[in-house]
Amino acid sequence: MKFSKTYEPNQFEPDIYALWESSGAFRPAEQGNPYSIVLPPPNANGNLHIGHGLTVAVEDSLIRYHRLVGDSTWFLPGADHAGFETWVVFEKYLESQGDSRFNHSREELYQMTWDFVAEQRGNMELQLRALGASLDWSAFTFTLDPKVIDTAYTTFKQMWDDNLVYRGEKTVNFCPKHQTAFADIEVAHKEEQGTLYDIAYPLADGHGELVVSTTRPETMFGDTAVAVDPDDKRYQNIIGKYVKLPLTDREIPVIADDFVDEAFGTGVVKVTPAHDHIDFEVGKRHNLPMISVIGEDGKLTEAAGADYAALTIEQAREKVLKDLKAQDLLRGRKEITHSVAHCYKCNSILEPLLKEQWFVKTEPLAAKAIEALRENQIKFYPASKKQVVINYFKQLKDWNISRQIPWGIPIPAFKANDGQWIFDTNTDQPFIIKDGVTYYRDEDTFDTWFSSGQWPYITTNHLEQPSPYYPLAVMETAADILFAWVARMIMFGLYRTGTVPFKDVYLHGLVLDEKGQKMSKSKGNVINPIEIIGKYGSDAFRIGILSSRSAGLPQAFSESKVVAGRNLCNKLWNISRFIQQMVDEGDFKEAVEEGRAAPLLPAEREGRSPVKTGASPEVSSEKSPFTTINMGEDWICRELDHCKTELDKLIGKYRFAEAVELLYDTIWNKYADWFLESQKIYKNTPLLQKTLEHILIMLHPFAPFLTETIWQTLSWTTDLLITQKWPAKLPYDPMTAEQFETLMIIISTVRGHLQSLPGGQKPNLLFGNDSLVNDNQVLIQFLTHVPAVIPDDTPQGMRIALPNREIYLDIDEQTLKEYKQNLENNILKLGAEINTLETRLRNPNYRDKAPKELVEETQKHLEQKQTTMQRLKNELTLI
RNA sequence: GGGCGCUUAGCUCAGUUGGCUAGAGCAUCUCGUUUACACCGAGAGGGUCGGGGGUUCGAGUCCCUCAGCGCCCACCA
């Protein structure tokens, strides 16, 4: 293969991925420490979004790094049926077809959704490949695979037997549009303006009234008590009495309960146990009846009375207020801001409805989790999230796992007419008969998180046979599913396996648009990772999205960082092309013969034994005398070595942005700009080859396609880059490396002076007693483009502004004078400007009367100019 | 109501346990057709690290406080 003149990622990426996949490189190696990551399963029904792009960039970089380091890596793919999420999409589709869920049985709907999803599936997998994810596709798990369902069932059964799962009737968060209940965590609370109404409830004995404050007058038909603060002096004498419930003929008791805040509203609360979570608890405490007056359709039921039945909540509220007013029972109203529960998909207000569901008793599970976290069994990145999770566990309430949607894992429970529930996994049967009793299937499905919460030990098959890949090395996922997913995996992991499911948790924040706004379809600011890849290449995307990003924070996506990534790829492409050219030209042998080149690693020249790494076997056998002033070789070996050790540290701490920046700097500013430039003079081809190999290996985790393509194209490399060994230390002489650093400063300073010379002159460089310059005349000349570098006992002209160095640019008196004059002129001009500013600032009139910002700005300008002045003066004294 | 996070160059952001003249990319300005690369090379400008106070030999980094922005949790009838 040959290097094309230009870097065009789209031409090789798919082929390279296929090469890896067919080679078996994605499978865990036989040898090495287990290192496993499970890709958070993307929604099978959708396309990947930018967050997935970030996930893959992070996880695949970790996997590739650990593969190179010699670990036995296992990167596990999967897809999520995403119960409710997908169901919403499917139901919309149904509606668009003029169809409805109510026209079909559960089995039909399940099959229809399956087919619907099947059409989309595969998209996501192709996109993961485009991102370069080195996933073991043979280990692919779908969240509705039999093994997932089996595990969900055995866990459910075990929890049932352990009294950790129970059937209970409680107020649940019910979406009238989607016709399903939600877990607490799925509820979207939103601050809203509402009205607090004061309504008079006449005392049953006819002596006065009690005024209750409520935002939900329409639920009053379900009131079974009114409550006051037990310490509220105003109401002491009526606790235990009865009030008449307006618009009905019922009488309800006045109870005292601590939950009432006497300072809020009138200090009297209506208690509606069937339609409010708090009231439900109150009702339990006080043994109150629970009357449901709102149905699952979001309309009032017969229990609300004939006048109100079938009205929507809004209609009912209006009518109740009107009717109360007619009876002169409305005592006041007040606008308040309060938080209202919404469906996170359709934004409907969620109704608390009394409903029988399956609940997980979370307290014992959460306690175990808290213990494990307190013992630091899991490391969090960012670290602050640990306490956040602990706090979540502390207040966690029982978890409703029943969903009234067909798209999911059927709950393996059957109920007899006498209310007896039994566990059975024959969920494809509408009913079963056992010992002559008929049991009917629970039509509900599990909350998606009930099964995906068990993902780590399901995917690694740890329950069947203890796996060295469990616990996972790290769980990398979006910070916003910390509670929904990560917390649950910890609870389940401890429950089923006795160990935490992963050693580290790395959370990435939301990827925002370029302006720092949340991406959303409605705003039209969604950035599609696949489009970015098409434009700049997969590697550029990965580098770009990892740059300038730290754990846990919501941060903007910056296309300019992708551009920088693309530019780096292009740079490395050309570096490789150039080195290959030199190898092809056989410059190396020729150079050795002419005594221009040192074909050995720097350390070998001094008789130290070389450390052999990677390929290029021809290097070590040849011996040749150390010939010349080639200090850049020691220096680049030192820099590459430093880069490698730093990378080890940074990747170990999940500091990807810094790792990428380090590689960028090393490859571009060090390797290309200095070493490669110097090698145009001193061609040490074997070293060029060796160092290029190291660079390719080190960049591979972040830019896999590019580096592998180069590896496959170079004439001397063998096998696959993806399975090479992480570089070993390169030998070098630290003193020599340090001297090169000084040389770099000299060259840069000379360049600076040349640029500011009047008339764009190109003078010679003269030097006196300076061995460093003396030894590097050719290189200095080449890199500064002066016509010549000449030793001179009495050098003169313009002195280079470096202390203790006898280096001069050979310019005539006139030019020097001109240059100095220029400097002095600049100093004068600047001095005048500074004076003006100072006078202005000293003027009390100006200080007092001018706008403050302007005065501040003046001050700022002054300081800037003073700094510049100092620099110019320094230069003048030195030359 | 409770909690978390952010505020550093024009823009988007790095900056681990406090330590040399605070960094990157992109953008800007000047110069450059040196045969790897103009997706390039060389040089340069630009920041009182949100405000105020404190601890320290030393603070972008720790503490207090104020302001702005963002997020999460919550039994705000």
Side-chain angles (χ1 to χ4, degrees), chain A residues 3 5-7 184-185 189 191 194 196-197 212-216 219 226-227 259-261 264-272 276-282 336-340 352 382 384-385 387-388 391-392 395-397 479-480 482-483 509-510 512 514-516 518 536 540 543-544 547-550 552-582 649-650 653 655 657-658 660-662 664-665 669 672-673 676-677 680 747-748 751-756 760 782-785 856 859-860 863-864 868:
Chain A
F3 283 102
K5 185 101 166 57
T6 50
Y7 164 66
D184 294 340
I185 190 154
H189 296 277
E191 293 282 306
L196 186 66
Y197 299 96
V212 306
S213 294
T214 182
T215 53
R216 305 227 35 201
T219 64
V226 293
F259 90 95
V260 183
D261 172 7
F264 191 94
T266 57
V268 187
V269 187
K270 65 198 258 316
V271 181
T272 321
D276 185 285
H277 300 306
I278 318 156
D279 292 6
F280 175 79
E281 296 298 325
V282 176
I336 59 162
T337 308
H338 61 154
S339 149
V340 181
S384 60
K385 294 292 181 187
Q387 193 54 44
V388 174
N391 292 344
Y392 172 74
Q395 59 79 49
L396 187 56
K397 282 177 300 187
D480 57 359
L482 177 60
F483 301 148
L510 204 60
L512 309 171
E514 304 248 11
K515 290 174 193 145
K518 200 168 164 173
Y536 300 104
I543 291 169
S547 299
S548 291
R549 199 172 293 280
S550 43
L553 298 178
Q555 283 166 317
F557 176 80
S558 160
E559 193 164 329
S560 72
K561 291 281 182 181
V562 179
V563 169
R566 191 272 318 268
N567 292 353
L568 177 66
C569 291
N570 176 256
K571 190 74 182 176
L572 186 54
W573 182 262
N574 282 294
I575 288 171
S576 308
R577 196 159 66 92
F578 182 47
I579 291 177
Q580 181 66 57
Q581 261 176 38
M582 291 200 264
K649 281 188 214 160
L650 291 170
K653 291 187 289 186
R655 295 180 162 270
E658 286 162 82
V660 167
E661 194 178 312
L662 172 67
Y664 188 101
D665 179 58
N669 301 332
D673 287 350
L676 218 50
E677 286 303 311
K680 286 176 179 171
I747 290 168
S748 291
R751 283 168 170 171
H753 285 298
L754 284 169
Q755 290 258 347
S756 52
F782 179 71
L783 293 180
T784 58
H785 299 121
E856 281 166 8
Q859 183 66 37
K860 208 174 188 174
E863 283 161 18
Q864 277 175 17
T868 312

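So you know, we letter chains A, B, ... as the sequences are listed, proteins then strands, and number each from 1.
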- Message: Give me the distance, rounded to whole Å, that separates B:G19 from B:A59 when you measure between the C1' atoms they each carry.
- Response: 10 Å

- Query: Any donor-acceptor pair under 3.5 Å linking the side chain of A:Arg751 with the backbone of A:Leu783?
  - Reply: yes

- Task: Check whether any side-chain N or O of A:Gln395 sits under 4.0 Å from OP1 or OP2 of B:C73, and answer yes or no.
- Result: no

- Query: Which part of the nucleic acid does A:Tyr664 contact within heavy-atom distance under 4.0 Å: base, sugar-phosphate only, or nothing?
  - Reply: sugar-phosphate

- Query: B:G41 and B:A24: how far apart are their P atoms, nearest whole angstrom?
  - Reply: 15 Å

- Is any side-chain heavy atom of A:Leu662 less than 4.5 Å from a side-chain heavy atom of A:Leu650? yes

- Query: Does the side chain of A:Phe280 reach to within under 4.5 Å of the side chain of A:Thr272, using non-hydrogen atoms?
  - Reply: no

- Rounded to the nearest 0.5 Å, what's the gap from CD1 on A:Ile747 to OG1 on A:Thr784? Could you check? 7.0 Å

- Message: Within this structure, what is the CZ-CZ distance for the pair A:Arg655 and A:Arg549, rounded to the nearest 0.5 Å?
- Response: 15.5 Å

- Task: Would you mind classifying the nucleic acid contact of A:Thr272 as base, sugar-phosphate or nothing, using non-hydrogen atoms under 4.0 angstrom?
- Result: nothing

- From B:C4, B:A77, B:A74, nucleotide with atom closest to A:Val260 side chain: B:A77

- Closest to side chain of A:Glu658, choosing from B:G5, B:A74, B:G15: B:G15

- Task: Take the protein atom CZ of A:Arg549 and the nucleotide atom P of B:C6, then report the distance between them rounded to whole Å.
- Result: 16 Å

- Query: Over how many whole Å does the gap from A:Leu662 atom CG to B:U16 atom C1' extend?
  - Reply: 15 Å

- Task: Could you tell me the separation between the CG atom of A:Asp480 and the CG atom of A:Leu482, rounded to the nearest 0.5 Å?
- Result: 9.5 Å

- Side-chain donor/acceptor of A:Glu514 to backbone N/O of A:Glu559, under 3.5 Å: yes

- Verdict with reasoning, A:Ile543 to A:Val562, per side chain to side chain contact (heavy atoms under 4.5 Å, CB included): CA-CA 7 Å; A:Ile543 291 169; A:Val562 179; over 6 Å; no

- Message: Taking the C1' atom in each of B:C20 and B:G58, what is the distance between them to the nearest angstrom?
- Response: 12 Å

- Would you mind reading off the distance between A:Gln387 atom CD and B:G2 atom C1', rounded to a whole angstrom? 13 Å

- Task: Determine whether any donor atom in the side chain of A:Glu191 lies under 3.5 Å from an acceptor atom in the base of B:C76, or the reverse, and answer yes or no.
- Result: yes

- Note on the structure: To the nearest angstrom, the CG-P distance between A:Asn391 and B:C73 comes to 13 Å

- Query: So which one's nearest nucleotide on RNA chain B is more toward 5', A:Asp279 or A:Arg751?
  - Reply: A:Arg751

- What's the CZ-P distance between A:Arg655 and B:G23, to the nearest Å? 18 Å

- Could you check whether A:Phe259 gets within reach of a base, just the sugar-phosphate, or nothing at all, counting any heavy atom under 4.0 Å? nothing

- Using a cut-off of 4.0 Å on non-hydrogen atoms, how would the nucleic acid contact of A:Val212 be classed: base, sugar-phosphate, or nothing? nothing

- Message: Can you tell me how the ring of A:Trp573 sits relative to the ring of A:Tyr7, calling it parallel under 30°, perpendicular over 60° and tilted otherwise?
- Response: tilted

- Task: Check the pair A:Ser548 / A:Lys561 against side chain to side chain contact (heavy atoms under 4.5 Å, CB included), numbers first and verdict last.
- Result: CA-CA 8 Å; A:Ser548 291; A:Lys561 291 281 182 181; 2.9 Å; yes

- Item | Donor-acceptor side-chain pairing of A:Lys270 and A:Ser213 below 3.5 angstrom | no

- Message: Closest-nucleotide mapping onto RNA chain B: is A:Val268 or A:Ser560 further toward the 5' terminus? I mean the 5' end.
- Response: A:Ser560

- Message: Please report the distance separating the P of B:C49 from the corresponding atom of B:G32, rounded so that it comes out in whole Å.
- Response: 38 Å

- Roughly how far apart, to the nearest Å, are B:C75 and B:A67 at atom P? 28 Å

Polar atom pairs between nucleotides 67-72 of chain B and protein, under 3.5 Å, N or O only, would you list them?
none

- Task: Have a look at A:Arg216 and say if it touches a base, only the backbone sugar-phosphate, or nothing, with a 4.0 Å heavy-atom cut-off.
- Result: nothing

- Item | Protein-nucleotide distance (A:Leu396, atom CG; B:C75, atom P), rounded to Å | 12 Å

- Taking only N and O in the side chain of A:Lys385, is any of them less than 4.0 Å away from OP1 or OP2 of B:G5? no

- Return the value, rounded to whole Å, for the distance between atom CG of A:Leu568 and atom C1' of B:G25. 11 Å

- Task: For B:A44 versus B:G25, give the span between their P atoms, rounded off to a whole number of Å.
- Result: 14 Å

- Message: Work out how far the C1' atom of B:G23 is from that of B:C63, and round it to whole angstrom.
- Response: 27 Å

Can you pull every protein N or O that's under 3.5 Å from an N or O on nucleotides 28-39 of chain B?
from	atom 1	to	atom 2	distance (Å)
B:A36	O2'	A:Asn574	OD1	2.9
B:A36	O2'	A:Arg577	NH2	2.7
B:A36	N7	A:Lys680	NZ	3.2
B:A36	N6	A:Glu677	OE2	2.7
B:A36	N3	A:Asn574	O	3.4
B:C37	OP1	A:Lys5	NZ	3.1
B:C37	O4'	A:Asn574	OD1	3.1
B:C37	O4'	A:Asn574	ND2	3.4
B:C37	O2'	A:Asn570	OD1	3.0
B:C37	O2'	A:Asn574	ND2	3.4
B:C37	O2	A:Lys571	NZ	2.9
B:C37	N3	A:Lys571	NZ	2.9
B:C39	O4'	A:Asn567	OD1	3.4
B:C39	O2'	A:Asn570	OD1	2.6
B:C39	O2	A:Arg566	NE	2.8

- Task: Measure the distance from NZ on A:Lys270 to P on B:A77 and round it to the nearest whole Å.
- Result: 11 Å

- Message: Below the 4.0 Å mark, does B:A24 have OP1 or OP2 next to a side-chain nitrogen or oxygen of A:Ser547?
- Response: no

- Query: Name the stems with RNA chain B in them: runs of three or more consecutive Watson-Crick or G-U pairs, distances under 3.5 Å?
  - Reply: B:1-7 with B:67-73, B:10-13 with B:23-26, B:28-32 with B:40-44, B:50-54 with B:62-66

- Sugar-phosphate only, base, or nothing, as touched by A:Glu661 at under 4.0 Å among non-hydrogen atoms: sugar-phosphate

- Should A:Val269 and A:Val226 be marked as a side chain to side chain contact (heavy atoms under 4.5 Å, CB included) after you check the CA-CA gap, both sets of side-chain angles, and the distance that decides it? CA-CA 5 Å; A:Val269 187; A:Val226 293; over 6 Å; no

- Is a side-chain donor-acceptor pair under 3.5 Å present for A:Asn391 with A:Gln395? no

- Lys NZ or Arg CZ of A:Lys680 over A:Phe578 ring: under 6.0 Å, within 45°: yes

- Query: When we call it a touch if two heavy atoms are under 4.0 Å apart, what does A:Thr784 touch: a base, just sugar-phosphate, or nothing?
  - Reply: nothing

- Given the C1' atoms of B:A42 and B:U34, what is the spacing between them in whole Å? 11 Å

